[in-house]
Amino acid sequence: MAAAHRATFYAFWLSSCSWRVRAGLYFKQIPFEEKSVDILREKNHLTEEFRIINPSQKVPALIIDGTTIVESMAILQYLDETRPEPKLTPDSPLLRARMREICETIVSGIQPLQNIGLMSHFESKEQFQSFTKYWTGRGLETLESLLKTTSYNFCVGDHLTMADLCLVPQLYNAVTRHNLNLTKYPTVHKLYETLLKIDVFEKTHPQIIKHKK
């Protein structure tokens, strides 16, 4: 199903949710225009104009095929269902379940607890960082166990899937923003270092996007 026009992608360059969708768009070779939504300094995600695009006033949001889709996993699933090649899911039901285990561990168990928006609910930055490091560490322990049984060159076997699109951005946050040492998780660490070097992540990396602004 080909889009008649370039998609419009509302994102923040440092957002892990944005990166996973940006990487999915790149992988699917879908033409898109990225519009920056600064959720840290300008906070233009909190405007009424952006609320019309995304009622939750969060990134990302994608306008494609004449409609707007929000939430990164919903966007990726839509892209994979409407543009099935190259695919972002494994062939078998069991491997798709394994992929979803990894995705859910990251999207539900790690990412929300790294969210910079939580900081205002803590008495100090140090308290927030302690909280985040603890729960990210718990999530990484889970990922280490899961990936020992599913990974090869990618999270699930030898094919890039949504699990990889979730893994790399979240680990980048863990390393650069929260100073976590991934060497405690050898399977996770090796996979992260390998995936960072492939085209889909190199070309969509936050630092690349930052310098394009």
Side-chain angles (χ1 to χ4, degrees), residues 2-54 56-80 82-83 85-86 88 103 106-107 110-111 114-117 119 154-155 160-180 182 191-213:
H5 305 285
R6 289 168 64 89
T8 302
F9 178 46
Y10 291 88
F12 179 56
W13 67 274
L14 197 54
S15 156
S16 58
C17 299
S18 296
W19 189 3
R20 72 176 68 121
V21 172
R22 185 185 302 117
L25 290 164
Y26 179 88
F27 180 71
K28 293 280 189 181
Q29 299 180 13
I30 299 169
F32 69 96
E33 175 190 4
E34 181 162 339
K35 293 194 173 183
S36 176
V37 180
D38 189 337
I39 64 175
L40 288 183
R41 294 182 181 179
E42 297 177 16
K43 298 187 184 299
N44 45 18
H45 63 300
L46 298 179
T47 64
E48 286 304 311
E49 290 83 0
F50 191 68
R51 188 195 295 272
I52 295 171
I53 296 167
N54 186 351
S56 71
Q57 295 182 292
K58 298 177 181 178
V59 291
L62 183 70
I63 300 176
I64 192 168
D65 300 338
T67 193
T68 303
I69 305 171
V70 301
E71 297 294 341
S72 62
M73 296 309 294
I75 294 170
L76 290 176
Q77 288 160 5
Y78 176 82
L79 296 179
D80 211 45
T82 58
R83 294 149 174 88
E85 294 296 335
L88 277 170
C103 290
I106 296 166
V107 173
I110 298 177
Q111 189 272 326
Q114 283 187 352
N115 197 318
I116 198 74
M119 191 182 298
F154 295 90
C155 285
L160 185 134
T161 70
M162 293 182 201
D164 303 288
L165 300 187
C166 292
L167 183 81
V168 170
Q170 219 56 59
L171 294 184
Y172 180 76
N173 271 7
V175 171
T176 60
R177 285 169 49 192
H178 303 292
N179 301 313
L180 278 155
L182 295 185
L191 192 57
Y192 174 63
E193 292 295 324
T194 300
L195 291 175
L196 266 181
K197 298 172 185 174
I198 70 172
D199 196 56
V200 68
F201 294 114
E202 281 194 336
K203 294 294 176 63
T204 61
H205 195 284
Q207 292 302 323
I208 298 291
I209 304 306
K210 180 182 180 181
H211 290 121
K212 285 183 178 179
K213 290 173 61 181

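All values derive from a computational prediction rather than experimental measurement.
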J.: Does the side chain of C17 come within less than 4.5 Å of V59's, by heavy atoms?
T.: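 A side-chain contact under 4.5 Å is absent here.
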J.: When you check the side-chain N and O atoms of W19 and T204, is any donor under 3.5 Å from an acceptor?
T.: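 There is such a pair (donor and acceptor under 3.5 Å, judged by atom type) between the side chains of W19 and T204.
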J.: Kindly say whether V200 contributes a backbone atom to a donor-acceptor pair with the side chain of K203 at under 3.5 angstrom?
T.: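 A pair under 3.5 Å: no.
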J.: Could you report the tightest heavy-atom contact between Q57 and T47, atom names first, then the distance?
T.: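 Distance-wise, the nearest heavy atoms are NE2-O, 3.1 Å.
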J.: Restricting to non-hydrogen atoms, name the atom on V70 and the atom on A61 that form the minimum distance, rounded to 0.1 Å.
T.: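 Looks like CG1-CB, 3.9 Å.
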J.: Test of understanding: with side chain to side chain contact (heavy atoms under 4.5 Å, CB included), list the residues that count as partners of I63, not counting sequence neighbours.
T.: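 I63 satisfies side chain to side chain contact (heavy atoms under 4.5 Å, CB included) with T8, Y10, T68 once adjacent residues are dropped.
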J.: Once rounded to the nearest 0.5 Å, what's the spacing between atom CZ of F201 and atom CD1 of I208?
T.: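 The distance works out to 14.5 Å.
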J.: Do I39 and K58 have side-chain heavy atoms sitting under 4.5 Å apart?
T.: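 Side chain of I39 against side chain of K58, heavy atoms only: no contact under 4.5 Å found.
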J.: Is L167 close to F154 at the side-chain level, that is, under 4.5 Å between some pair of heavy atoms?
T.: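 Not touching, per the 4.5 Å side-chain cut-off.
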J.: State whether a side-chain donor-acceptor pair under 3.5 Å links R20 with Q170.
T.: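 A pair is found: one side chain offers a donor N or O, the other an acceptor, under 3.5 Å apart.
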J.: Measure the NE2-CD1 distance between H45 and I53 for me, rounded to the nearest 0.5 Å.
T.: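 So the gap between those two atoms works out to 13.0 Å.
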J.: Do E202 and H205 come close enough that some side-chain heavy atom pair is under 4.5 Å?
T.: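 SC-SC contact between E202 and H205 ruled out.
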J.: Roughly how far apart are L165 CG and L160 CG, rounded to 0.5 Å?
T.: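 L165 atom CG to L160 atom CG measures 5.0 Å (nearest 0.5 Å).
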J.: Do L14 and R177 have side chains that approach each other closer than 4.5 Å (heavy atoms only, starting at C-beta)?
T.: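 When only atoms from C-beta onward are counted, R177 and L14 do touch, with a gap below 4.5 Å.
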J.: Taking all non-hydrogen atoms of both residues into account, name the closest pair between Y192 and V168 and its distance.
T.: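 Answer, listing the atom of Y192 first, then V168: CE1-O, 3.6 Å.
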J.: Of all residues at least two apart in sequence or in a different chain, which pass the side chain to side chain contact (heavy atoms under 4.5 Å, CB included) check with E193?
T.: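 E193: side chain to side chain contact (heavy atoms under 4.5 Å, CB included) contacts with H189.
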J.: Kindly compute the distance separating SG (C166) from CD (Q111), expressed to the nearest 0.5 Å.
T.: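 Here the rounded value is 9.5 Å.
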J.: Are the side chain of K28 and the backbone N or O of R83 linked by a donor-acceptor pair below 3.5 Å?
T.: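 It does hold such a pair.
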J.: Please name the pair of heavy atoms, one in L79 and one in L62, separated by the smallest distance, quoted to 0.1 Å.
T.: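 The answer is CD2-CD2, 4.1 Å.
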J.: Does the side chain of N54 pick up a donor-acceptor pair with the side chain of S56 at under 3.5 Å?
T.: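 Checked: N54/S56 side chains pair up, N/O donor to acceptor below 3.5 Å.
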J.: How about Y172 and Q207: do any of their side-chain heavy atoms sit closer than 4.5 Å?
T.: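 With C-beta onward as the side chain, the pair touches.
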J.: Taking S72 for the side chain and V21 for the main chain, is one N or O donor matched with an acceptor at less than 3.5 Å?
T.: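 Such a contact is absent between S72 side chain and V21 backbone.
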J.: Roughly how far apart are L171 CG and S16 OG, rounded to 0.5 Å?
T.: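 Between atom CG of L171 and atom OG of S16 there are 10.5 Å.
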J.: Give the C-alpha distance, both sets of side-chain angles, the deciding distance and a yes or no for side-chain contact (heavy atoms from CB on, under 4.5 Å) between D164 and I198.
T.: CA-CA 11 Å; D164 303 288; I198 70 172; over 6 Å; no
J.: Nearest 0.5 Å please: distance from the CG atom of N115 over to the CD1 atom of I110.
T.: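 Rounded to the nearest 0.5 Å, the CG-CD1 separation comes out at 13.5 Å.
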J.: Indicate the atoms forming the closest heavy-atom contact of F9 with S18, along with that distance.
T.: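 That would be CZ-O, 3.3 Å.
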J.: Give the minimum heavy-atom separation between Q114 and N173, together with the two atoms involved.
T.: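 So the minimum-distance heavy-atom pair works out to OE1-CB, 3.3 Å.
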